[in-house]
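In what follows, chains are A, B, ... by sequence order, proteins preceding strands, each numbered from 1. Computed over heavy atoms, backbone and side chain alike; hydrogens, waters and symmetry mates excluded.
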There are 6 protein chains.
Amino acid sequence: MDQLQLKRLIEDFLAEDIGTGDITTSTIFANAQMGEALFIAKEPFIAAGMKSVAAKVFTTLNPAIIITETADDGTHCAAGDVLFVAKGPVIDLLQAERVALNLVQRLSGIATLTARFVAAVSPLPIKIVDTRKTTPGLRVLEKYAVRVGGGHNHRFNLADGILIKDNHIAACGSIKEATKRARSQAPHTLKIEVEAENIAQVQECLACAVEIIMLDNMNPAQLREAVKIAKGKALLEASGGVNIDNIREIAESGIDLISIGALTHSAPAVDISMRLNTIN
Amino acid sequence: MDQLQLKRLIEDFLAEDIGTGDITTSTIFANAQMGEALFIAKEPFIAAGMKSVAAKVFTTLNPAIIITETADDGTHCAAGDVLFVAKGPVIDLLQAERVALNLVQRLSGIATLTARFVAAVSPLPIKIVDTRKTTPGLRVLEKYAVRVGGGHNHRFNLADGILIKDNHIAACGSIKEATKRARSQAPHTLKIEVEAENIAQVQECLACAVEIIMLDNMNPAQLREAVKIAKGKALLEASGGVNIDNIREIAESGIDLISIGALTHSAPAVDISMRLNTIN
Amino acid sequence: MDQLQLKRLIEDFLAEDIGTGDITTSTIFANAQMGEALFIAKEPFIAAGMKSVAAKVFTTLNPAIIITETADDGTHCAAGDVLFVAKGPVIDLLQAERVALNLVQRLSGIATLTARFVAAVSPLPIKIVDTRKTTPGLRVLEKYAVRVGGGHNHRFNLADGILIKDNHIAACGSIKEATKRARSQAPHTLKIEVEAENIAQVQECLACAVEIIMLDNMNPAQLREAVKIAKGKALLEASGGVNIDNIREIAESGIDLISIGALTHSAPAVDISMRLNTIN
Amino acid sequence: MDQLQLKRLIEDFLAEDIGTGDITTSTIFANAQMGEALFIAKEPFIAAGMKSVAAKVFTTLNPAIIITETADDGTHCAAGDVLFVAKGPVIDLLQAERVALNLVQRLSGIATLTARFVAAVSPLPIKIVDTRKTTPGLRVLEKYAVRVGGGHNHRFNLADGILIKDNHIAACGSIKEATKRARSQAPHTLKIEVEAENIAQVQECLACAVEIIMLDNMNPAQLREAVKIAKGKALLEASGGVNIDNIREIAESGIDLISIGALTHSAPAVDISMRLNTIN
Amino acid sequence: MDQLQLKRLIEDFLAEDIGTGDITTSTIFANAQMGEALFIAKEPFIAAGMKSVAAKVFTTLNPAIIITETADDGTHCAAGDVLFVAKGPVIDLLQAERVALNLVQRLSGIATLTARFVAAVSPLPIKIVDTRKTTPGLRVLEKYAVRVGGGHNHRFNLADGILIKDNHIAACGSIKEATKRARSQAPHTLKIEVEAENIAQVQECLACAVEIIMLDNMNPAQLREAVKIAKGKALLEASGGVNIDNIREIAESGIDLISIGALTHSAPAVDISMRLNTIN
Amino acid sequence: MDQLQLKRLIEDFLAEDIGTGDITTSTIFANAQMGEALFIAKEPFIAAGMKSVAAKVFTTLNPAIIITETADDGTHCAAGDVLFVAKGPVIDLLQAERVALNLVQRLSGIATLTARFVAAVSPLPIKIVDTRKTTPGLRVLEKYAVRVGGGHNHRFNLADGILIKDNHIAACGSIKEATKRARSQAPHTLKIEVEAENIAQVQECLACAVEIIMLDNMNPAQLREAVKIAKGKALLEASGGVNIDNIREIAESGIDLISIGALTHSAPAVDISMRLNTIN
C-alpha cells in the first residue's frame with residue numbers, strides 16, 4: 001500500500017468521525033491524561049490491518065502515540081486475544097478508536113471470509129481472486145485484506161487490465177474483432193481477458209490467443225468441458241454464482257481461478273472492542 | 001445529503017475505479033456510440049439511492065447523461081424489476097457502472113436489513129437506530145440508507161451528540177461529575193446520553209437529569225427494570241448483542257430505542273446487475 | 001480542535017500569504033540565519049490561541065522551529081507583555097509572521113469582546129453564547145475564542161442542533177406541526193429549539209415540550225413574562241439586539257442564555273506586533 | 001476574482017456550515033417547495049459582493065437557483081432596501097443563507113469603512129490602500145471589498161511586491177545593501193519598497209533609487225519633511241497609527257498613499273437579514 | 001482520458017497561472033467585451049489536444065465560452081493554419097490563453113517527435129512505445145500525445161505492469177526466482193516483463209515463460225540474436241540509446257517494440273500563437 | 001520555494017507514478033531490505049534540485065530515508081559524477097526513483113540551457129529572463145532552475161506583474177489610455193510593462209513613463225534605436241525569436257533584459273541514472 005495515499009484516506013476518515021471536535025471527551029478528560037488502548041478480539045477470526053492500518057490511524061491523529069503491540073496479518077485469533085496496543089493521550093486514543101475499529105473489523109472480516117473460501121478449495125492448485133465489487137473509497141485496503149486471507153487480486157481499476165465483456169463483444173460483432181481492437185491499442189504489458197458464456201465462445205477466445213478466459217456463470221459440466229479444450233492455452237477463471245457450498249465442485253473442474261464478489265461486498269465485520277486503561 | 005459533498009465523494013470514487021482510463025472500453029467503443037443502461041434487481045430487496053446516488057454517479061461523470069427512470073427509495077422490489085435507466089454515451093455508461101452499482105447494492109443492503117429489524121418490532125412505539133460503526137468515508141450515505149429502511153439515526157460524529165461511556169465515567173469518578181463537566185461546557189443544543197451497565201447506574205443517571213440512558217448489554221429483565229424506574233424521565237436506548245432473533249423480546253421491555261451496529265457494518269450487498277442496450 | 005483539520009487550514013492560509021515565495025526575505029537572508037521572534041502586546045486584551053494556533057502556524061511551516069513561550073489562553077495581558085516566542089530560521093519566522101498574527105489578533109479580539117459581555121452579566125447564572133455568524137472558514141477557531149473569553153457555543157453547523165425559525169413554522173402552519181416533524185425524524189441526541197416572537201408562541205412551545213426557546217428580539221418586560229411561565233420547563237435564550245449597554249437588563253430577566261452575533265462578526269482585532277532578533 | 005478559486009472557497013464554506021446536513025430544514029420542508037429569498041439592509045452602508053459573491057454562494061449550492069436582483073457594488077443603501085433576490089427550492093435557499101450573509105455582511109462592512117476613510121481625504125490626490133492584515137482564507141475577497149469602497153490594494157502576498165522592513169535592513173547592515181540584494185535577484189517587474197523610520201532613512205532610500213518609501217509611524221511634521229525631499233522621486237506611503245480622526249492631517253502632508261490595516265482586520269459587519277417567501 | 005481528473009488538473013493549472021487575478025486584463029477590459037481567439041501554427045507539426053485539452057481549458061475557466069473549431073488530433077499542419085477557435089468574453093480568453101498554449105505546444109511537440117520515430121521504422125511491424133520518463137503531473141496527457149503521434153503506451157504507473165529489472169534480479173539471485181515471486185503474488189491480468197542485458201538472460205527469461213523481454217542497451221547484432229532465439233515466444237522490446245539515426249537499424253533486427261524516453265522528456269514545444277479579435 | 005506547496009506537489013507526483021502500488025517491487029523485496037541509491041550523471045550538465053527537490057521526493061515518501069550527499073545547485077558535473085545519495089528501505093528507494101529522476105533531469109536541463117544563454121552574453125550587463133511558457137504545474141520549480149542556471153525570473157503569474165500587450169492596447173485605443181487604466185487601479189507595487197512593436201510605440205511608452213518596455217521581435221537595428229532613445233528611462237526587454245546563434249548580437253544592442261521561452265518549454269532533459277546497492 002502507498003503510505004501517502006493511505007495517510008490521506010485516514011485523515012479524511014478521522015475528519016468524518018470527529019466532525020468539529022469530540023465534545024464528550026474534550027469536556028471530560030484533561031489533555032495531559034495518558035492511557036493505554038487495547039484491541040480485544042470478541043470472537044475467532046483472521047486478523048488483518050493491525051500494524052498497517054490501525055497503527056496508522058492512531059499515529060496519523062497524533063504522531064506521539066506509541067504502538068507497542070500488533071498482531072501479524074493472518075493471525076488466527078481467539079476471543080479474548082489482545083491484537084493491538086497503543087499508548088498516548090487518552091483524548092487522542094478515544095478519538096481514533098472508532099475509525100481504527102471500523103477499518104480493522106471490516107478488513108479482518110474480509111480476510112476471514114476469504115480464508116474460508118481458500119480452505120474450501122485446498123489443496124487444489126487454484127487461486128481465489130477478488131473483483132471490483134469493493135466499497136467505494138476502500139479498494140486498495142479491501143484488496144489487501146483479500147491477500148491477507150490467502151486470496152489474490154484481480155485488476156484494481158479499469159486501467160490495469162483488459163476485460164472484454166458481453167457488451168464489448170456485441171458492439172464489435174465478434175470476439176475476434178474486439179480482441180483485435182484491444183490488442184492493437186492497449187499497452188502490451190496487459191493481458192487480454194474475455195468473458196465467455198458458452199463453449200463456442202471459449203473456442204473463439206482460443207482462436208484469438210486470448211490470455212485469460214472468464215467462464216461466466218457456467219455449471220461444473222461446462223467448466224470441465226472448458227478445461228478440456230483450453231487448459232494450458234489460456235488461464236481459466238470461473239465467475240458468478242460462487243458460494244461456500246458449491247465452490248469445491250467448481251474448483252475440482254480444473255480451472256485456474258475463481259473470482260468472488262462477496263469477498264468484499266458482503267463480508268460481515270468481525271467483533272473487536274477497545275479497552276482503555278488510564279495511566280498515572 | 002449535502003449535494004456538494006456528495007459530488008466530491010463520487011468524483012473520488014470514480015477516480016479510484018477508472019484509474020488512468022478504461023482501457024477496454026476506450027479501445028473498443030466509438031465515442032459517439034449511444035446506449036441505455038438498466039439496473040435490474042436479481043433478488044427481492046428494499047431499493048435505496050437510485051435517484052439520489054446512482055443518478056448522481058452517472059451525471060457527475062458526464063452531465064449529458066439522461067436519467068429516465070429511478071425507483072423510489074423504499075420500494076420493495078422483486079427479481080427482474082427495472083430500478084434505474086440512464087441514457088448516454090456507452091463509454092460513460094460503462095465507466096460509471098461499477099461505482100454506481102457498488103453504492104446502491106450496499107445502500108439497498110442496509111435499507112433491507114434495517115427494514116427487517118423494523119418489521120420485527122412493529123407496531124411497538126420504538127425506534128431502530130444506527131451507530132458510528134459505519135464504513136469509513138460512507139457515513140452520511142449509510143445513515144441515509146438506514147432512514148430509507150425505516151430506521152433512525154444516532155449521532156453522525158463525535159461533535160453532534162454527547163455520549164458518556166464507561167471510560168469517561170471512570171475518569172471522572174462518577175456519572176455525576178462526568179455529566180456536570182459535559183453540561184457546563186458543551187453546547188446547550190445537545191442532549192447528554194450516558195451509558196449505564198446496571199440499574200444502579202440508571203438511577204444515578206436519573207439523579208443527574210440525563211436526557212438519554214444507553215442500557216448497555218442488559219438482558220430483558222434488566223431492561224424491564226430500567227423501564228420501570230426511568231420511563232418518561234429519560235429516553236432509554238438498548239444497545240449491544242441485538243440480533244433478529246432477540247430484538248422482539250428486547251423491544252417488548254418498553255424501552256424507546258434500540259441501536260444496532262450490524263445495520264451498517266455487516267449488511268450484505270443486494271444483487272443488482274446492469275444491462276446495456278446500444279442505441280443506433 | 002481537531003489537529004488534522006487545523007493543520008490543513010493553516011497550510012491553506014500560509015499558501016495564501018506566501019504565494020509563489022517570499023521574494024523579499026529570500027533575496028536578503030541566508031538560509032542559515034537563525035533568529036527569535038517575539039509577539040508583543042501593544043494594548044491590554046485577553047490572549048487566545050498563542051499555544052494552540054500561533055505555535056501551530058510556525059511549526060507547520062517548519063517543524064524545526066522551537067516554541068519556547070506561549071501565554072495561556074485567557075491571560076489578561078498588558079501593553080508590552082511578551083505572549084509568544086519562537087526560535088528558528090529567520091526566513092521561516094518572517095514567512096509565518098503575518099498568518100500567525102492575523103489569527104491571534106482576531107481570536108484575541110473575540111475573546112476580549114466575549115469577556116466584556118461575560119463580565120457585564122456576572123455573577124448572574126447565565127451563559128453568553130455565540131451564533132453561526134462567524135467568518136467563513138474560521139468557525140471552529142472563532143468558537144474556540146468565544147470559550148476562551150468565558151462564553152459558550154451554540155451549534156457549530158446545521159447538523160448539530162435543531163433550530164426551528166419563523167420560516168419553518170410558517171411552512172408547517174404551527175409550532176406543533178413543525179416540532180412533530182423534527183422530533184419524528186431528527187437524531188434523538190439533539191434538543192429542539194424553537195424561535196418564539198411573542199408570549200403566545202412561548203406557550204405553544206411549552207405545550208410541545210420544546211427543550212429550548214429562543215426569545216427573538218423581546219424587550220425586558222417580555223423576557224420577564226417568558227421567564228415567569230417557562231423557567232425550568234425549557235431553556236430560555238434571548239437573541240437579537242443585544243449590546244454592551246442593554247445586556248445587564250436582559251440578563252436580569254432571569255433567562256438562561258444570551259446569544260450575540262457580534263462576538264464573532266464584529267470584534268475588532270487586538271494589536272500585537274512581532275519583534276525579531278537575529279541569533280549568531 | 002478568479003471564478004474557479006472562488007467556487008472552491010464557497011464549497012468549503014458551505015461544507016463548514018452545512019456539516020452532515022441541515023437537519024431542521026430537511027425534516028420540515030418538502031424538496032419541492034419553492035421560495036424567494038430577499039436580502040434586506042437593516043442600516044445604511046455601502047453594498048459589496050451581492051452579485052459576485054452572494055449570487056455565487058446560492059448557485060454553487062444549487063445551479064438551478066435563479067438570481068433576479070443584485071445591488072451594484074458600491075451602492076449606498078438605506079435601511080429597508082432590497083439588495084438581493086434569489087428564487088429556488090426553499091431547502092437550498094435556507095442552506096445557503098448563512099454563508100452568503102456572513103460574506104456580504106463582512107465585505108460590505110469593509111467597503112463601508114474604506115469609503116469613510118476615502119471620504120475623509122477627498123478630494124486630495126491620495127490613495128487609501130489595504131495591507132496583508134486580512135482574514136486568513138479571505139484575502140482576495142476582502143481586497144476586492146476595499147476596491148468597492150474606493151480604496152486600492154497593496155500587495156496580495158509575499159510574492160507580488162518587495163517590501164524591505166527594519167528586520168531586513170538590520171540583517172544587511174544598510175538600506176543600500178538590502179536594496180542591492182533584492183534588485184539583483186527579484187523579478188524586474190516588481191518595484192522595491194523600503195520602510196523608513198526617519199528622515200535619514202528616507203534620504204538613504206532616495207540614494208538607492210527605491211521606488212516606494214513606506215513612512216512608518218511618522219508624525220505629520222515628519223511626513224511633510226519627507227514629502228519635501230522625496231516627492232516625485234519615489235512614491236510615499238504613510239503607515240501606522242492611522243485612524244478616522246487623524247487621517248486628514250496625514251493626508252494633507254502631501255504623501256501619495258496611506259495604508260490602513262483596520263480596513264480589513266477591524267471593520268464591523270453590517271446588518272443584513274434574509275426574508276423568505278414561499279411560492280405556491 | 002478521464003474527464004473529471006482532467007478537469008481537476010486544468011483547474012490547478014489555471015490557478016497557477018492566474019494567481020490572485022489577471023491584474024492587467026481586469027483593469028483594461030470591460031467584463032462585457034466579447035472576442036474571438038484563434039490558435040495559429042507558426043511552423044509545421046502534428047497537432048494534438050486541440051479538442052480534448054485546449055477546449056477544456058477555456059470551458060473550464062468559463063463554461064459560456066464557445067469552441068467553434070478544433071483541428072483533429074494527428075493533423076499535419078503548416079505555418080499559418082488555424083487550429084482552434086474560441087469565442088467568449090475577452091477577459092476569459094486572455095486568462096486561459098497561456099495554460100492552453102503551454103499544453104498544446106507541449107503535446108503537439110510530443111506527437112510530432114513520436115511521428116518522426118514512427119515514420120523512421122515504417123512499414124516494419126514494430127511499435128514505438130513510451131516510458132515513465134514523463135513530466136510529473138502530466139503523464140496521462142503526454143501518453144495521450146504519444147498515441148496521437150502513432151506511438152503506443154508502456155505502463156502508466158508502477159501498478160499496471162510488472163517490470164523486473166537488474167536490481168530485482170540481483171535481490172532474488174536469479175530471473176527464475178524473481179519471476180516466481182512476481183507470478184505467485186501479482187494480479188493474473190498483468191504480463192511479466194524482464195530486463196535482459198545479454199543473451200544468456202534472454203534464454204533464462206524464455207525458460208521462465210516471461211511474456212515480455214526488455215533488451216537493454218543491446219547492439220543490433222545482439223538484438224538479432226535475441227530475435228533468433230525468442231521471437232514468437234515472448235514480446236521483444238529494445239530499450240536504451242535509441243535515437244532518430246539508429247532506430248531503423250534497431251527496428252530491422254526484427255524485435256516487436258522500441259521504447260524511447262525522449263518522446264516525453266525531451267520533445268521541444270512547437271510554436272503556436274494566439275490571435276485575438278474583439279467582437280462588437 | 002514554499003516547502004508546504006512543494007510537499008503537496010511531490011505527493012501528487014508520487015501518487016501518479018505509484019498508482020495503486022508498486023507491484024513488482026513489493027512482490028520481490030522484503031520490507032526490511034535496506035539499500036543505497038546513487039544518482040550518476042551520464043553526461044556533462046549543470047546540476048539543479050538535488051538537495052531541494054530530489055531529497056524531498058525521497059523523504060516525502062518515507063521520512064526515514066537519509067540523504068547523505070547532494071550536489072550543490074549550479075555544479076558543473078561530468079559523466080560519472082555522483083550527484084545524490086540516499087539510504088533507506090529498497091522498496092521506498094525504488095518507488096521514489098522515477099519521480100525524483102524525472103524532476104532533476106528536467107530541472108538540470110533547464111539550468112544547463114539557461115547557462116548556455118547566460119554564457120553567450122557574458123560579460124555584458126544584461127539579464128536572461130524566463131517567461132510564463134512553463135510546464136503547467138511546475139512553474140515554481142522551473143523558474144527556480146532558471147535561477148540556478150544564472151538566469152532571472154519574469155513574472156510568476158498574471159497577478160505579480162502588469163504586461164500590456166497588443167490586444168490590450170488595441171482595446172484601449174492607445175498606450176496612453178491603457179497605461180492610465182492600469183496605473184489607476186493596479187497595486188502600486190507593480191511596475192508597468194508595455195509591449196512595443198516599433199520605435200513609435202517605444203516613444204509613446206516613454207511619454208507615459210512606462211517602467212519596462214518589451215521590444216517585441218525587433219531586429220538588432222531597431223533594438224539599437226530603442227536603446228538610443230530609451231536607455232535609462234525605462235528597462236528594455238528584448239523578446240521573440242531569440243536563439244543561441246543570434247543572442248550575442250541582440251545583447252550587444254545595449255538592452256537590459258532578454259526573455260526566452262525556450263528556457264522552460266524546450267530544454268531537453270539531461271541524462272541521469274540511479275544505481276542501487278543493497279545493504280546487508
Less than 4.5 Å to any heavy atom of chain B: does that hold for the side chain of A:D12, its backbone, both, or neither? neither
Is it the side chain or the backbone of A:I192 that comes within 4.5 Å of chain B heavy atoms, both, or neither? neither
Quick one: closest heavy-atom pair of B:S108 and B:A48, and the distance? OG-N, 3.1 Å
Closest non-hydrogen atom pair, A:N62 against A:P89: ND2-CG, 3.7 Å
One option among B:I162, B:D166, B:T135, B:L103 has the most heavy-atom pairs under 4.5 Å with chain A, and it is B:T135
Under 4.5 Å to a heavy atom of chain B? For A:T264 that would be backbone
Per-residue tally against chain B (heavy atom, under 4.5 Å) across A:L138, A:V99, A:L190, A:V140 peaks at A:L138
If you count heavy-atom pairs within less than 4.5 Å of chain B, which of A:R98, A:Q185, A:E177, A:R181 leads? A:R98
Between A:G19, A:P136, A:G21, which has the largest tally of heavy atom pairs under 4.5 Å with chain B? A:P136
Among A:T25, A:I10, A:D160, A:T24, which has the most heavy-atom pairs under 4.5 Å with chain B? A:T24
Note: vs chain B, highest number of non-hydrogen pairs under 4.5 angstrom among A:A15, A:G109, A:A159 is A:A159
Enumerate donor-acceptor pairs with a distance under 3.5 Å from any side-chain N or O in residues 271-280 of chain A to protein atoms, sequence neighbours excluded.
unit_1 : atom_1 : unit_2 : atom_2 : d
A:N277 : ND2    : A:E36  : OE1    : 3.2

Looking at CG of B:L38 and NZ of B:K87, how far apart are the two atoms once the value is rounded to the nearest 0.5 Å? 8.5 Å
Might you point out which heavy atoms bring A:C208 and A:T179 nearest each other, and give the distance in Å? CB-OG1, 3.6 Å
Of B:I164, B:L101, B:V90, the largest count of non-hydrogen pairs under 4.5 angstrom with chain A goes to B:I164
Looking at residues at least two apart in the chain, or sitting in another chain, which of them share a salt bridge (charged side-chain N to carboxylate O under 4.0 Å, His left out) with B:D17? A:R132, A:R139
Return the option, out of B:L9, B:T134, B:N157, with the maximum number of heavy-atom pairs under 4.5 Å with chain A. B:N157
Are B:S174 and B:E204 close enough, and set up right, to give a side-chain hydrogen bond (donor to acceptor under 3.5 Å, both in side chains), and what steps lead you there? CA-CA 9 Å; B:S174 68; B:E204 198 176 346; 4.5 Å; no
If we define contacts as heavy-atom pairs under 4.5 Å, which of A:C172, A:A269, A:G35 has the most with chain B? A:A269
Atom CD in B:Q95, atom CG in B:L14: separation rounded to 0.5 Å? 8.5 Å
